[in-house]
2 protein chains.
Amino acid sequence: MLEMAILGLLNEAPMHGYELRKRVLALLGGFRALSYGSLYPALKRMREQGWICAQDPVDTSRVLPADAPPLTGKRGKVVYALTAEGKERFQGLLTDGGPEAWEDERFGVRFAFFAQTDVDVRLRILEGRRRRVEERRDGLRASLSRTRERVDRYTLELQQHGLDSVDREVRWLSELIDSEKVDRVAVDGNENTL
Amino acid sequence: MLEMAILGLLNEAPMHGYELRKRVLALLGGFRALSYGSLYPALKRMREQGWICAQDPVDTSRVLPADAPPLTGKRGKVVYALTAEGKERFQGLLTDGGPEAWEDERFGVRFAFFAQTDVDVRLRILEGRRRRVEERRDGLRASLSRTRERVDRYTLELQQHGLDSVDREVRWLSELIDSEKVDRVAVDGNENTL
DNA sequence: ATGAGGTTGTATCGCGCCGATATATCGACA
DNA sequence: TGTCGATATATCGGCGCGATACAACCTCAT
């Protein structure tokens, strides 16, 4: 969800919408897009919620000539910043390792801010995510082996490619989990190695 | 888009919504989901468009007792079938190799019905798709090499994984394209091999 | 210097799609 | 007999997208 991405980026520095969008796009590495049609409504919602506040300079430094046009727009740059509640909210999201954290929509954003989370939460989310993806993989595998003989080449190819993708994600997650466990042991100084 | 998936499946056999959903899920191999919140409105839209018609038996075979409850629901199974216009529409979609055919949302469905399309359209779509994915890959690569030194491990890992995914899709598409070209040469009997 | 084109920047509209939810029927099995 | 799970239809609120409009600014060739 956008909420966390916006909170996380504004937590680093105040920004206006346009830059926020570019940063989110870069952050997620193409995992998810972010259109203006989502961004501005989201900012509005979050302002109403009290997570963020908007400093609107309207560029009063510029003097308008007397015969200025109707100036219907008069939109100035709006710089957004986190409020105290916003910071609190973001910290809450960081600490939360609940099931929603490993669903498709949230996982990417969640992962992008892993550096600000502690090892236990990271592991919980990664393992939850892996279980989730494994379930999908098994479903796909079953469905594929059931229909393998009865469908045309392209349907097969598509399903196989889908299966390969989730398979790859499982492997990726497993590597990350292993790596986290090594780190944790190094930090814990060896209690319950499992 | 759902429209084509529904048309394509109903083109094989009439079905009711519930089964339609299962078939679409299996067809796309997890590429896209399909919730009831999309399905039923889509069916409604398509009925209004005249692509499909609904045979509603309402189960009149069953005799209601005189003291029957309000029967607020009284929903019977609705079997949907393609109309002549619907078949025409589906054929039109199959023949169309326009740019929308290789965008993310449509490509999966489009590909699932490749068996009913001819080689030239298949090649056009596959090559369009490859160009599209290559663009994204190059953008990602550039962004990654720009920021590589300035971001934390997890952001890097996420972006790298995203890049690997699109890279993999490009390779997949290339194999498919090669394979199509071999087939075409075999059929054409060798004119303009390129 | 002027004006064309590109980038920055804010904002809205319609609509597709999702998740959650409500409701009803049917078969299986205890 | 009752209850559970699968089958089945349908709606609601809300999010996110693509398209679009608008406006200010910068650069660069003419």
Side-chain angles (χ1 to χ4, degrees), chain A residues 1-6 14-25 28 31-49 54-65 68-80 99-100 103-106 108-109, chain B residues 1-6 14-25 28 31-49 54-62 64 68-80 99-100 103-106 108-109:
Chain A
M1 200 208 213
L2 295 192
E3 188 191 299
M4 187 173 186
I6 294 175
M15 252 175 273
H16 39 243
Y18 191 83
E19 192 173 355
L20 214 33
R21 180 173 179 255
K22 283 194 302 183
R23 294 287 309 274
V24 170
L25 254 41
L28 279 328
F31 246 80
R32 298 195 72 72
L34 171 50
S35 68
Y36 297 122
S38 327
L39 177 61
Y40 288 105
L43 288 171
K44 195 177 179 181
R45 276 194 315 267
M46 291 169 71
R47 226 181 49 232
E48 284 159 5
Q49 289 285 325
Q55 298 136 7
D56 182 358
V58 197
D59 210 4
T60 46
S61 63
R62 175 173 306 279
V63 182
L64 298 172
L71 201 57
T72 52
K74 79 161 177 178
R75 283 180 288 219
K77 298 187 186 182
V78 185
V79 177
Y80 293 93
E100 336 116 331
E103 290 306 310
D104 290 332
E105 330 84 48
R106 317 232 183 189
V109 187
Chain B
M1 201 207 212
L2 295 192
E3 190 192 299
M4 186 172 186
I6 294 175
M15 250 175 274
H16 42 243
Y18 191 83
E19 191 173 357
L20 213 33
R21 180 171 179 256
K22 284 194 301 184
R23 294 289 308 274
V24 170
L25 254 41
L28 277 331
F31 248 80
R32 297 194 74 71
L34 171 50
S35 67
Y36 297 124
S38 328
L39 178 61
Y40 288 106
L43 288 171
K44 195 176 179 182
R45 277 194 314 269
M46 291 169 72
R47 227 180 48 230
E48 283 159 6
Q49 289 285 325
Q55 297 135 10
D56 182 357
V58 195
D59 210 6
T60 46
S61 64
R62 174 173 307 277
L64 296 172
L71 201 57
T72 51
K74 76 158 181 180
R75 284 178 290 215
K77 298 187 186 182
V78 186
V79 176
Y80 294 93
E100 337 114 332
E103 292 305 312
D104 290 331
E105 328 84 48
R106 316 232 184 192
V109 187

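Proteins come first, then strands; the chains are lettered A, B, ... in the order of their sequence lines, and each starts at number 1.
Between the P atom of C:dC15 and the NZ atom of B:Lys44 lies a distance of 14 Å, rounded to the nearest Å. Computed from coordinates, the B:Met46 CE to D:dA10 C1' distance equals 18 Å when rounded to whole Å. For the pair A:Arg21 CZ and C:dT7 P, the interatomic distance rounds to 13 Å; values are reported in whole Å. If you take OH of B:Tyr40 and P of D:dC12, they are 16 Å apart, rounded to a whole angstrom. When the P atom of C:dG16 is taken as reference, atom CD1 of B:Ile6 falls 12 Å away, rounded to whole Å. The interatomic distance linking B:Leu25 (CG) with C:dG19 (P) rounds to 11 Å, in whole Å. At whole-Å resolution of the value, CD in A:Glu19 and P in C:dT8 are 10 Å apart. Atoms CD (A:Gln55) and P (C:dT10) sit 13 Å apart, rounded to a whole Å.
Shown here for A:Val109 and A:Ala5, the closest heavy-atom pair between the two residues is CG1-N, 3.6 Å. Closest approach of B:Leu2 and B:Ser38 over heavy atoms only: CD1-CB, 3.6 Å. Here the shortest heavy-atom pairing between B:Ala33 and B:Leu25 reads C-CD1, 4.0 Å.
Remark: B:Arg106 CZ to B:Glu3 CD distance equals 7.5 Å, nearest 0.5 Å.
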For a quick test of your reading: what N or O donor-acceptor pairs under 3.5 Å do the side chains of residues 17-24 of chain A make, sequence neighbours left out?
unit_1	atom_1	unit_2	atom_2	d
A:Arg21	NE	A:Leu34	O	2.5
A:Arg21	NH1	A:Tyr36	OH	3.4
A:Arg23	NH2	A:Glu12	OE1	3.0

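Judged as a side-chain hydrogen bond (donor to acceptor under 3.5 Å, both in side chains), not a single pair has a partner in residues 39-49 of chain A (not counting sequence neighbours).
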Could you list, one pair per line, each protein nitrogen or oxygen that sits under 3.5 Å from a nitrogen or oxygen of nucleotides 15-19 of chain D, together with the distance?
unit_1	atom_1	unit_2	atom_2	d
D:dG16	OP2	A:Arg45	NH2	3.4
D:dC17	OP1	A:Ala33	O	3.2
D:dC17	OP2	A:Ser35	N	3.1
D:dC17	OP2	A:Ser35	OG	3.3
D:dC17	OP2	A:Ser38	OG	2.3
D:dC17	N4	A:Gly37	O	3.0

Every protein N/O lying under 3.5 Å from an N/O of nucleotides 4-7 of chain D:
unit_1	atom_1	unit_2	atom_2	d
D:dT7	OP2	B:Tyr18	OH	3.2

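Under the salt bridge (Lys or Arg N to Asp or Glu O under 4.0 Å) criterion, B:Glu105 pairs with no residue, sequence neighbours left out.
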